[in-house]
Amino acid sequence: MKVLIVGANGQIGKQLVKLIKEADKHTARAMIRKEEQARRFEDMGVETAVASLEGTVDELAEAANGCDAIVFTAGSGGNTGYDKTLLIDLDGAVKTIDAAERAGVDRFVMVSAIQANNRDKWSDTIKPYYAAKHYADRILENSSLNYTIVRPGGLTNEEGTGKIKAAENLERGFIPREDVAKTLYAVLDNEDTYKRAFDLVSGEEDAETALKNI
């Protein structure tokens, strides 16, 4: 598959692009916001597309043209206001869903947040972020796309262990970004994850085993 990585310049996105490139099973196209971000990916031999989540659906559809799958790893980040959370984590995600349908891209993998599906579990300190993730996920579930929604726990920059725990509902936990990227790679063509949504934290199983049991 040719996979458009939305948020390719982010910490998870960079690792996912690298995984796809090294595994040589699929092909990555890195979606970036600025031309000056292209050099990193071009040096790796990875195709880029310049588009903004605050742009139009047509621009995003053009970035996705010719791809077989989209992985949405973008986020507004912890240092922006809730206006950007609304524009990126909600509206940007929904525009990407619309763009996928417009471009004929059937497979869509969404990075969400643990327990985003369960309002009773939302953190009061970042409740607008959870609301954005919740409604973007619901719109994806009600789209025509063949989706998988991955809801990781607290993200760390520790070295990945390759061991995860995945289930529809998990208590809060943590997971290295490297292991999130590995899980995203693992779900791309894994039929056990089609039309499914699950929480993800560090655990004791390799991805293949864990994903069979969600």
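Starting from 1, each residue takes its place in the sequence as its number.
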S.K.: Is it the case that the side chains of D206 and T209 hold a donor-acceptor pair, with the cut-off being a distance below 3.5 Å and no angle test?
M.R.: yes
S.K.: Of all the heavy-atom pairs spanning M110 and A93, show the shortest one and how long it is.
M.R.: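 So the minimum-distance heavy-atom pair works out to CE-CB, 3.9 Å.
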S.K.: Hey, are the side chains of I70 and V6 touching, using non-hydrogen atoms and a 4.5 Å cut-off?
M.R.: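 A side-chain contact under 4.5 Å exists here.
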S.K.: I'd like to know whether NZ of K195 has more than 12 heavy-atom contacts from other residues, nucleotides or ligands below 6.0 angstrom.
M.R.: yes
S.K.: Which distance, rounded to the nearest 0.5 Å, do you find between the CD of E158 and the CG of D179?
M.R.: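 The CD atom of E158 sits 10.0 Å away from the CG atom of D179.
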S.K.: Do Y147 and F198 land in one hydrophobic cluster if side-chain heavy atoms of ILVMFWY residues count as linked below 4.5 Å?
M.R.: no
S.K.: Linking I/L/V/M/F/W/Y whenever their side-chain heavy atoms sit closer than 4.5 Å, directly or via other members, would M1 and I20 fall into one cluster?
M.R.: yes
S.K.: Please determine whether the number of non-hydrogen atoms from other residues, nucleotides or ligands lying under 6.0 Å from atom NZ of K14 exceeds 12.
M.R.: yes
S.K.: Same cluster or not: Y194 versus I97, using hydrophobic residues (I, L, V, M, F, W, Y) connected whenever any side-chain heavy atoms lie under 4.5 Å apart?
M.R.: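 The answer is no; the residues belong to distinct hydrophobic clusters.
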S.K.: Does the pair V201 and I114 meet the rule for a side chain to side chain contact (heavy atoms under 4.5 Å, CB included), with working shown?
M.R.: CA-CA 9 Å; V201 296; I114 193 168; 3.8 Å; yes
S.K.: Taking everything shown except F174 itself, do over 12 heavy atoms lie less than 6.0 Å from its CZ?
M.R.: no
S.K.: Do D199 and E168 have side chains that get closer than 4.5 Å, going by heavy atoms?
M.R.: no
S.K.: Contact between E159 and E178 at the side-chain level, heavy atoms closer than 4.5 Å - yes or no?
M.R.: yes
S.K.: Rounded to the nearest 0.5 Å, what separates atom CD1 in I5 from atom CD in Q15?
M.R.: 12.5 Å
S.K.: For E36, does the CD atom have more than 12 heavy-atom neighbours from other residues, nucleotides or ligands under 6.0 Å away?
M.R.: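 Result for CD/E36: enclosed.
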S.K.: Answer with yes or no whether the hydrophobic clustering places L170 together with I149; edges join I, L, V, M, F, W, Y residues whose side-chain heavy atoms lie under 4.5 Å apart.
M.R.: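 L170 and I149: separate clusters.
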S.K.: Walk me through it: do N9 and R40 pass the test side chain to side chain contact (heavy atoms under 4.5 Å, CB included)?
M.R.: CA-CA 9 Å; N9 207 48; R40 158 191 287 274; 4.2 Å; yes
S.K.: Can you tell me how far the CZ atom of R29 sits from the SG atom of C67, to the nearest 0.5 Å?
M.R.: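 If I round to the nearest 0.5 Å, the distance is 4.0 Å.
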S.K.: How about T48 and E42: do any of their side-chain heavy atoms sit closer than 4.5 Å?
M.R.: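 Touching, per the 4.5 Å side-chain cut-off.
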S.K.: Show your reasoning for whether salt bridge (charged side-chain N to carboxylate O under 4.0 Å, His left out) applies to K95 and D98.
M.R.: CA-CA 5 Å; K95 283 192 290 190; D98 291 344; over 6 Å; no
S.K.: Mind checking whether L4 and V46 sit in one hydrophobic cluster, side chains of I, L, V, M, F, W, Y counted as touching below 4.5 Å?
M.R.: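 They do not share one cluster, since no chain of ILVMFWY contacts under 4.5 Å joins L4 to V46.
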S.K.: Which of these, T73, V180, N157, sits in a side chain to side chain contact (heavy atoms under 4.5 Å, CB included) with Q11?
M.R.: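 Going through the options one by one, the only one that passes is N157.
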S.K.: Closest heavy-atom contact between I88 and G75?
M.R.: CG2-C, 3.8 Å
S.K.: Hey, what's the ring geometry for H134 with W122, parallel, tilted or perpendicular (30° and 60° as the breaks)?
M.R.: perpendicular
S.K.: Other residues, nucleotides and ligands only: do more than 12 of their heavy atoms fall within 6.0 Å of CD on E171?
M.R.: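 No, not enclosed.
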S.K.: Would you mind reporting whether I12 and L184 have side-chain heavy atoms less than 4.5 Å apart?
M.R.: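 Yes; the side chains approach each other to less than 4.5 Å.
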S.K.: In Å, rounded to the nearest 0.5 Å, how long is the span from CD1 of I32 to CZ of F41?
M.R.: 6.5 Å
S.K.: Taking all non-hydrogen atoms of both residues, which atom of K2 and which atom of G66 are closest, and how far apart?
M.R.: CD-O, 3.9 Å
S.K.: Hey, is CD on E62 packed in by over 12 heavy atoms from elsewhere, all under 6.0 Å?
M.R.: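 No, not enclosed.
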S.K.: Under the side chain to side chain contact (heavy atoms under 4.5 Å, CB included) rule, what do Y130 and N118 come out as? Steps first, then yes or no, please.
M.R.: CA-CA 9 Å; Y130 270 96; N118 188 349; over 6 Å; no
S.K.: For K84 and D89, what are the C-alpha separation, side-chain angles and deciding distance, and is it a salt bridge (charged side-chain N to carboxylate O under 4.0 Å, His left out)?
M.R.: CA-CA 8 Å; K84 287 293 183 183; D89 297 274; over 6 Å; no
S.K.: To the nearest 0.5 Å, tell me how far L53 CG sits from M31 CE.
M.R.: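 It comes to 4.5 Å.
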S.K.: Measuring from atom NZ of K121 to atom CZ of R172, what distance do you get when rounded to the nearest 0.5 angstrom?
M.R.: 8.0 Å
S.K.: Tell me, with the steps shown, if D68 and R107 meet side chain to side chain contact (heavy atoms under 4.5 Å, CB included).
M.R.: CA-CA 7 Å; D68 306 292; R107 184 77 176 111; over 6 Å; no
S.K.: So which atom in A30 and which in A8 form the shortest heavy-atom distance, rounded to 0.1 Å?
M.R.: CB-CB, 3.5 Å
S.K.: Do E22 side-chain atoms and L19 backbone N/O form a donor-acceptor pair below 3.5 Å?
M.R.: no
S.K.: Check the pair E54 / R33 against salt bridge (charged side-chain N to carboxylate O under 4.0 Å, His left out), numbers first and verdict last.
M.R.: CA-CA 10 Å; E54 295 184 65; R33 288 186 300 114; over 6 Å; no
S.K.: Answer whether the closest heavy-atom distance between the side chains of H26 and D189 falls below 4.5 Å.
M.R.: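 Result yes, sub-4.5 Å side-chain heavy-atom pair found.
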S.K.: At their closest point, which heavy atom of T148 faces which heavy atom of T193, and how far apart are they?
M.R.: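 Minimum heavy-atom separation between T148 and T193: OG1-O, 2.7 Å.
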